[in-house]
Structures are given as C-alpha cells and as structure tokens.
Amino acid sequence: MPTSTSSSSPKKSTAKPSPAKKSASPYLIGAGVAMAAGLLAFASYAATKPDAPASSSAASAASAGPESGVFPELEKLARRDDGDGLAQGRADAPVVLIEYADFKCGYCGKFARDTEPELVKQYVDAGVLRIEFRNMPIFGEESERAARAAWAAGQQGRFWEFHRAAYEEGAKEKGFGADRLKDLAEEAGVADLTRFTRDLDGEAARKAVSRDQREGYGLGAASTPSFLINGRPIAGAQPLETFRAAIEDAAQRASASPAPAAGAR
C-alpha cells in the first residue's frame with residue numbers, strides 16, 4: 001500500500017498469526033465476511049511497497065466484493081460505545097473508521113502523524129466520522145506492553161494524547177520499556193501514574209488487547225495498519241485521498257439509511 005513516494009519510508013509491517021490467533025474464526029460470520037477477510041488479507045500482502053501506485057491494490061480492494069467492496073457484516077464490528085476510551089467522535093456518527101494498529105509499526109505512525117489529524121479536522125469535528133482504535137500488537141512483547149499502556153491511558157481519558165506521544169517521529173526507536181511507557185503517560189497528561197502502572201499490568205488490559213487482536217486476525221488482517229470504513233476494508237497507510245473517498249462514499253450511503261444507534265455492540 002502506498003504511504004509516500006520516498007524510498008526511505010519505514011518497512012511495511014507484516015506478521016503471520018500463530019495457531020492460537022487462528023482460533024478467532026468466530027468473527028467470520030458467513031461467506032460474505034470470509035470473502036472480505038480474504039480481500040483484506042490479499043490487500044495487506046500486496047501492499048508491500050510505499051511507492052506502489054495508489055490505484056493498484058487499494059483501488060482493487062475498494063472495487064471488489066458486494067456493493068463495490070462494502071461488507072455489511074464487517075460494518076457491525078463498530079462498537080459505538082460512548083464509554084470507549086480508545087474512540088473519538090460521536091457514537092452515532094454516520095461513518096465509523098476502525099483501525100487495527102501496532103505502536104511499533106512505522107506505517108501506523110505515518111498514518112497517525114500525516115493522515116489521521118486531517119481526518120479528525122475534516123470529518124470527526126464535523127460529526128461525520130467516528131474513529132475506533134483496535135490494538136493489534138504483532139511485534140512481540142514490547143508491542144503488547146505498549147498496547148496495554150495505551151489502554152491504561154484510555155482508562156483515564158488520555159488515550160489519544162498517549163497515542164500522539166507514542167507515534168511521534170522517532171518515538172518507537174526509543175522502545176517501550178517500563179520507564180519509557182511511564183514517561184509517555186506523563187507526557188500524555190495521565191493524572192494517576194500509580195493507577196496507570198497497575199492498569200497496564202492488570203487482567204482487564206490483557207483481555208481488552210487480546211479481544212482487539214483476535215478480531216483483527218479473525219478478519220484476515222496480515223499487517224498493520226488495517227482499516228474498516230463502514231464495512232469497507234482498506235489495508236495500509238493509504239494516501240489521504242483514499243480515506244476521504246471511502247469516508248464520503250460511506251457518508252452518502254449512510255444518508256439513505258436510518259441513523260445507527262449508539263452502544264449497538
């Protein structure tokens with residue numbers, strides 16, 4: 001998937017699920033979702049070069065499948081939970097972007113720095129878009145620890161501030177050891193660092209991260225970042241225009257349907 005035309009862009013992150021991860025098959029409900037999972041996995045695999053044409057694998061993903069790449073079964077994965085600390089935007093927004101990401105992923109950082117702020121300004125602030133972040137650590141223990149730390153920051157309403165600090169240019173190169181995570185939490189404005197450390201190491205954090213990770217693997221996501229926009233799979237840190245087109249198409253579709261209920265899942 002294209003992220004920039006520079007040959008120095010960070011290497012695409014890919015991972016194969018372990019046998020334990022493959023147990024997530026209950027997320028694949030029916031042939032339509034299986035088709036979408038295969039599409040997302042293929043798009044993830046095909047998107048290996050940052051200078052690949054924007055019209056190649058991403059466009060193919062957007063044009064395949066029922067309703068031009070939109071899978072209603074996948075749209076139901078939007079949680080729309082008012083209390084979700086890892087989400088921003090109205091719970092009843094007509095469009096939901098779900099992102100599966102790893103804090104050690106270079107392309108995830110690029111999306112967080114270059115694309116997401118523009119989507120927030122243009123669509124989240126306007127009430128059109130909701131963004132729901134899913135932790136999908138694929139780079140081992142440090143990724144897992146950073147994911148739990150981000151969740152813990154979210155329990156004090158500072159997930160997006162932690163997200164911003166952890167995805168700053170050069171941040172992942174400093175690692176995500178215990179002291180570093182505490183520094184990031186402090187930078188993010190987490191008020192109770194003792195609680196943060198306790199939550200980070202707690203069972204609730206492990207379960208929350210595991211739930212997100214199983215969901216991503218169950219969808220066939222083979223790399224990070226991977227996205228769903230109202231049931232449309234998009235793999236990789238695509239150019240801003242790819243996300244704009246998908247969001248505007250989803251908003252147009254949603255305008256012809258009843259408004260979704262908050263807290264639907």
Side-chain angles (χ1 to χ4, degrees), residues 13 15-30 33-34 36-37 40-41 44 71-89 91 96-105 108 111-112 130-160 162-163 166-167 176 181 195-231 233-235 260-265:
S13 55
K16 294 182 179 179
S18 66
K21 301 297 188 297
K22 292 182 181 179
S23 65
S25 58
Y27 284 99
L28 305 182
I29 308 170
V33 179
L40 184 56
S44 298
F71 296 84
E73 295 91 341
L74 300 188
E75 189 171 355
K76 296 174 185 176
L77 290 174
R79 295 171 187 169
R80 296 186 178 275
D81 180 358
D82 276 321
D84 187 352
L86 279 64
Q88 60 177 319
V96 179
L97 181 155
I98 303 173
E99 177 188 6
Y100 299 88
D102 184 318
F103 284 99
K104 286 182 68 67
C105 161
C108 299
F111 173 80
R130 175 177 174 84
I131 298 176
E132 296 185 356
F133 186 93
R134 305 280 196 267
N135 277 301
M136 191 173 168
I138 62 176
F139 287 117
E141 185 178 342
E142 275 208 352
S143 291
E144 166 77 17
R145 192 163 54 234
R148 287 189 279 112
W151 182 90
Q155 301 314 291
Q156 298 187 50
R158 307 303 288 180
F159 169 77
W160 291 103
F162 184 95
H163 172 280
Y167 276 136
F176 293 113
L181 290 174
R195 177 190 169 188
F196 167 80
T197 301
R198 182 175 65 248
D199 287 346
L200 186 165
D201 291 325
E203 186 62 21
R206 297 179 192 279
K207 286 182 177 179
V209 170
S210 178
R211 177 193 182 189
D212 288 355
Q213 189 178 46
R214 289 197 314 270
E215 185 177 289
Y217 279 126
L219 289 169
S223 67
T224 56
S226 291
F227 305 88
L228 296 174
I229 298 179
N230 276 21
I234 294 178
R265 296 185 73 249

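Count residues from 1 along the sequence.
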Roughly how far, to the nearest 0.5 Å, is the CD atom of Glu203 from the CG atom of Asp199? 12.5 Å

Among Asp102, Thr224, Asn135, the one residue meeting side-chain hydrogen bond (donor to acceptor under 3.5 Å, both in side chains) with Ser143: Asp102

Compare all side-chain heavy atoms of Leu97 with those of Leu228 and state whether any distance is below 4.5 angstrom. no

Is any side-chain heavy atom of Ser226 less than 4.5 Å from a side-chain heavy atom of Leu219? no

Heavy atoms only: give me the nearest Arg134-Ala78 pair and the separation to one decimal. NH2-CA, 4.3 Å

Measuring from atom CZ of Arg195 to atom CD of Gln156, what distance do you get when rounded to the nearest 0.5 angstrom? 4.5 Å

Scanning both residues in full, the closest heavy-atom pair of Cys105 with Cys108 reads SG-SG, 2.7 Å

When rounded to the nearest 0.5 angstrom, what is the spacing between CZ in Arg79 and CG in Asp212? 4.5 Å

Contacts of Phe103 meeting ring pair (Phe, Tyr, Trp, His ring centres under 6.0 Å) (sequence neighbours excluded), chain-then-number -> Phe133, Tyr167

How close do Ile131 and Trp160 get, counting heavy atoms only, and between which atoms? CG2-CH2, 3.9 Å

NZ/NE/NH1/NH2 to OD/OE distance under 4.0 Å, Glu142 and Lys104: yes

Considering non-hydrogen atoms only, spot the tightest contact between Met136 and Tyr100 and give its length. SD-CB, 3.8 Å

Arg130 side-chain N/O to Ala87 backbone N/O, donor-acceptor pair under 3.5 Å: no

Has Gln155 got a side-chain atom pairing as donor or acceptor with Gly85's backbone, closer than 3.5 angstrom? no

Exceeds 12 heavy-atom contacts within 6.0 angstrom, atom CD of Glu141: no

Going through the distances and angles, do Glu144 and Arg148 end up as a salt bridge (charged side-chain N to carboxylate O under 4.0 Å, His left out)? CA-CA 6 Å; Glu144 166 77 17; Arg148 287 189 279 112; 3.4 Å; yes

Gap between atom CD of Glu99 and atom CD1 of Ile234 - 0.5 Å precision: 11.5 Å

Rounded distance [0.5 Å steps], CD in Glu215 versus CG in Leu77: 4.5 Å

Measure across Ala152 and Leu200 and return the closest heavy-atom pair with its distance rounded to 0.1 Å. CB-N, 3.7 Å

Minimum heavy-atom distance Phe159-Gly154, with the two atoms named: CB-CA, 3.6 Å

State, yes or no, whether a side-chain contact exists between Arg158 and Phe196 at a heavy-atom distance under 4.5 Å. no

